[in-house]
Amino acid sequence: MYRYVVQSPLQVLMALEARDQQGRGHDHQLVVLWPAAKTSWSSIGDVLDESDWTEVVDGGPAGLRGQVFRTRLVRRLARRPADHLFIGDYLSPYMRHLALAQPQGTVHLIDDGRGTVNTHLLRTNPKAPQPRADTRRWSRRVVLWLLQLRNDRVPALDYFTIFDLDVSPPDTITPNELKRLRSAVSTIEVVDEHLFLGSSFSERGMMAEDHYLALVRAVAEGSTLPLRYRPHRDENRTKLAVISGFGIEVCDPSATVELALVQSGRLPAQVSSFFSSASYTLWRLFGDRIDVGSYALEASDFIPGWFTTGNGLPTLQEQTKGALRVEPIPGRQLDPSVIEPGLQSSGQ
């Protein structure tokens with residue numbers, strides 16, 4: 001039996017890719033650990049079709065009220081290890097507990113954008129700064145101890161991934177070929193449109209909302225193509241109403257952008273963001289049919305303490321072999337410090 005444990009819309013989508021690549025002649029169990037935010041619940045519902053799976057297990061919502069139920073479920077599943085376990089978040093205490101209950105070498109990490117890259121950084125250099133420092137807080141350790149969830153390092157991990165990672169043994173790579181999504185790509189029409197992928201920087205306290213809105217407006221005014229704004233699922237409606245007031249069309253954020261574009265039958269000629277790991281997935285899916293890129297942000301755009309070099313741009317530049325277009329916010333000069341030395345933007 002193949003077990004897939006997920007907690008985001010993209011993880012559901014990548015679990016489907018893994019299931020199809022493994023073959024339908026097996027039992028495929030999907031365990032959904034619903035996130036706390038109701039917007040994320042609905043986004044997962046847009047992607048989830050129970051008929052795709054032999055069994056769908058409802059893991060219950062996050063939060064204090066759901067932790068006891070979720071912990072009991074995870075312990076019960078751990079007593080019945082699957083032949084292959086696929087997890088969406090290596091740092092989730094529930095998924096880690098299940099992974100540590102598996103026989104060595106049968107744990108696979110499915111893609112979840114930056115989460116995959118962060119896990120790789122953590123496992124290749126455990127002494128480096130942790131990608132998600134909150135998982136190392138004493139309060140989190142106390143919760144794990146009270147719930148009696150195991151939190152050790154998983155001995156071996158197989159990355160089912162679209163990323164070109166250099167792993168250290170005993171970790172391995174299984175290429176995610178995106179066969180399910182790619183099967184519909186050849187019939188998609190490219191249209192003269194600029195799709196901008198929104199970010200929840202202000203909702204997460206990383207950037208002042210007024211400043212974020214000013215940056216979006218500058219991008220729209222500097223675009224040579226009609227711009228449509230696709231919100232991140234955590235963006236608030238008040239902010240989106242302001243963006244709409246700029247004369248920018250705000251899209252329906254249902255499903256994931258990868259699935260939404262495939263299902264729409266229309267590809268925007270240009271896709272941009274301030275930073276989105278979806279840029280890499282779209283680049284892998286649609287190749288040279290569309291122009292995928294990013295607007296470079298600077299430390300001064302963020303609340304002090306939140307900015308990381310290029311907000312992840314060097315990693316995406318490296319992964320796309322420099323094909324990711326990086327350009328300055330309209331009206332600015334490009335700060336070369338946000339791009340790793342030696343990697344050139346295709347727009348320069």
Side-chain angles (χ1 to χ4, degrees), residues 6 8-21 24 30 39-53 110-113 161-163 175-199 216 219-220 223-235 240 243-244 246-295 316 319-320 323-325 346:
V6 298
S8 78
L10 183 59
Q11 289 175 21
V12 175
L13 199 62
M14 294 301 104
L16 281 168
E17 294 288 349
R19 185 212 63 180
D20 284 5
Q21 202 159 312
R24 294 180 179 242
L30 183 73
T39 52
S40 298
W41 289 17
S42 60
S43 297
I44 289 179
D46 292 328
V47 179
L48 178 60
D49 182 348
E50 295 196 17
S51 66
D52 288 326
W53 304 95
I110 56 178
D111 270 330
D112 192 25
T161 182
I162 59 176
F163 290 99
N176 177 0
E177 300 172 2
L178 296 172
K179 289 183 177 179
R180 183 183 178 91
L181 288 171
R182 281 180 173 159
S183 63
V185 166
S186 60
T187 60
I188 298 179
E189 173 192 9
V190 178
V191 297
D192 289 334
E193 183 178 279
H194 183 177
L195 181 67
F196 189 86
L197 308 180
S199 301
V216 171
V219 168
S223 177
T224 58
L225 295 173
L227 187 135
R228 299 174 72 227
Y229 186 93
R230 180 183 170 87
H232 186 279
R233 62 179 177 271
D234 293 333
E235 289 187 80
L240 297 179
I243 292 174
S244 182
F246 294 157
I248 301 171
E249 180 185 352
V250 177
C251 311
D252 178 2
S254 60
T256 66
V257 63
E258 299 86 357
L259 183 61
L261 290 179
V262 168
Q263 291 178 337
S264 72
R266 292 163 55 88
L267 273 181
Q270 187 174 341
V271 176
S272 299
S273 66
F274 293 131
F275 174 81
S276 173
S277 52
S279 300
Y280 183 73
T281 315
L282 296 174
W283 178 76
R284 288 296 301 267
L285 262 178
F286 304 119
D288 58 1
R289 298 189 65 192
I290 64 174
D291 177 28
V292 182
S294 182
Y295 289 95
L316 287 185
Q319 286 291 317
T320 60
L324 179 73
R325 166 182 48 81
S346 59

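The distance from atom OG1 of Thr281 to atom CG of Leu181, rounded to the nearest 0.5 Å, is 9.0 Å. For the atom pair OG of Ser276 and CZ of Phe196, the computed distance is 9.5 Å after rounding to the nearest 0.5 Å. Note that NE2 of His232 and CG of Leu240 are 12.0 Å apart. Values are rounded to the nearest 0.5 Å. Here the CG atom belonging to Leu16 is positioned 15.0 Å from the NZ atom belonging to Lys179, to the nearest 0.5 angstrom. The line from CG of Leu227 to NE2 of His194 is 5.0 Å long, rounded to the nearest 0.5 Å. Going from atom OH of Tyr229 over to atom CD1 of Ile243 covers 4.0 Å, rounded to the nearest 0.5 Å.
Looking at Ser294, its side chain does come within 3.5 Å of a backbone N or O of Ser273 through a donor-acceptor pair. Within the 3.5 Å criterion, the main-chain N or O of Ile162 finds a donor-acceptor partner in the side chain of Tyr280. Between the side chain of Ser183 and the main chain of Arg180, a donor-acceptor pair closer than 3.5 Å is present. The main-chain N or O of Glu177 is found under 3.5 Å from a side-chain atom of Arg182 such that the two form a donor-acceptor pair. No donor-acceptor pair closer than 3.5 Å links the side chain of Gln270 to the backbone N or O of Thr224.
What you find for Arg230 and Thr256 is that their closest heavy atoms are NH2-C, 3.3 Å. Here the closest heavy-atom approach between residue Ser279 and residue Val292 is recorded as O-CG1, 3.6 Å. Nearest heavy atom pair, residue Asp112 against residue Ser8, reads OD1-OG, 3.5 Å. For the pair Pro253 and Pro231, the tightest heavy-atom approach, listed with the atom from each and the gap, is CB-O, 3.7 Å. Residues Ile290 and Pro268 share a closest heavy-atom pair of CG2-O, 3.1 Å. Between Ala278 and Glu258, the shortest heavy-atom contact is CB-OE2, 3.6 Å.
Counting heavy atoms from C-beta on, the side chains of Val6 and Ile110 come closer than 4.5 Å. A heavy-atom distance below 4.5 Å is found between the side chains of Ser272 and Tyr295. The shortest distance between side-chain heavy atoms of Pro226 and Glu249 does not fall below 4.5 Å.
Between Arg228 and Glu193 there is a salt bridge, since a side-chain N of the basic residue sits under 4.0 Å from a carboxylate O of the acidic one.
For Glu17, the side chain to side chain donor-acceptor pair (under 3.5 Å) criterion is met by no residue, not counting sequence neighbours.
Applying the side-chain contact (heavy atoms from CB on, under 4.5 Å) test between Val271 and each of Asp291, Leu197, Val257 identifies Leu197 as the sole match.
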Exercise. Should Asn176 and Thr161 be marked as a side chain to side chain donor-acceptor pair (under 3.5 Å) after you check the CA-CA gap, both sets of side-chain angles, and the distance that decides it?
Worked result: CA-CA 5 Å; Asn176 177 0; Thr161 182; over 6 Å; no

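Legend: salt bridge (charged side-chain N to carboxylate O under 4.0 Å, His left out) pairs involving residues 268-283, not counting sequence neighbours: none detected.
Counted within 6.0 Å of CZ on Arg289, heavy atoms from surrounding residues, nucleotides or ligands total more than 12; the atom is thus considered enclosed.
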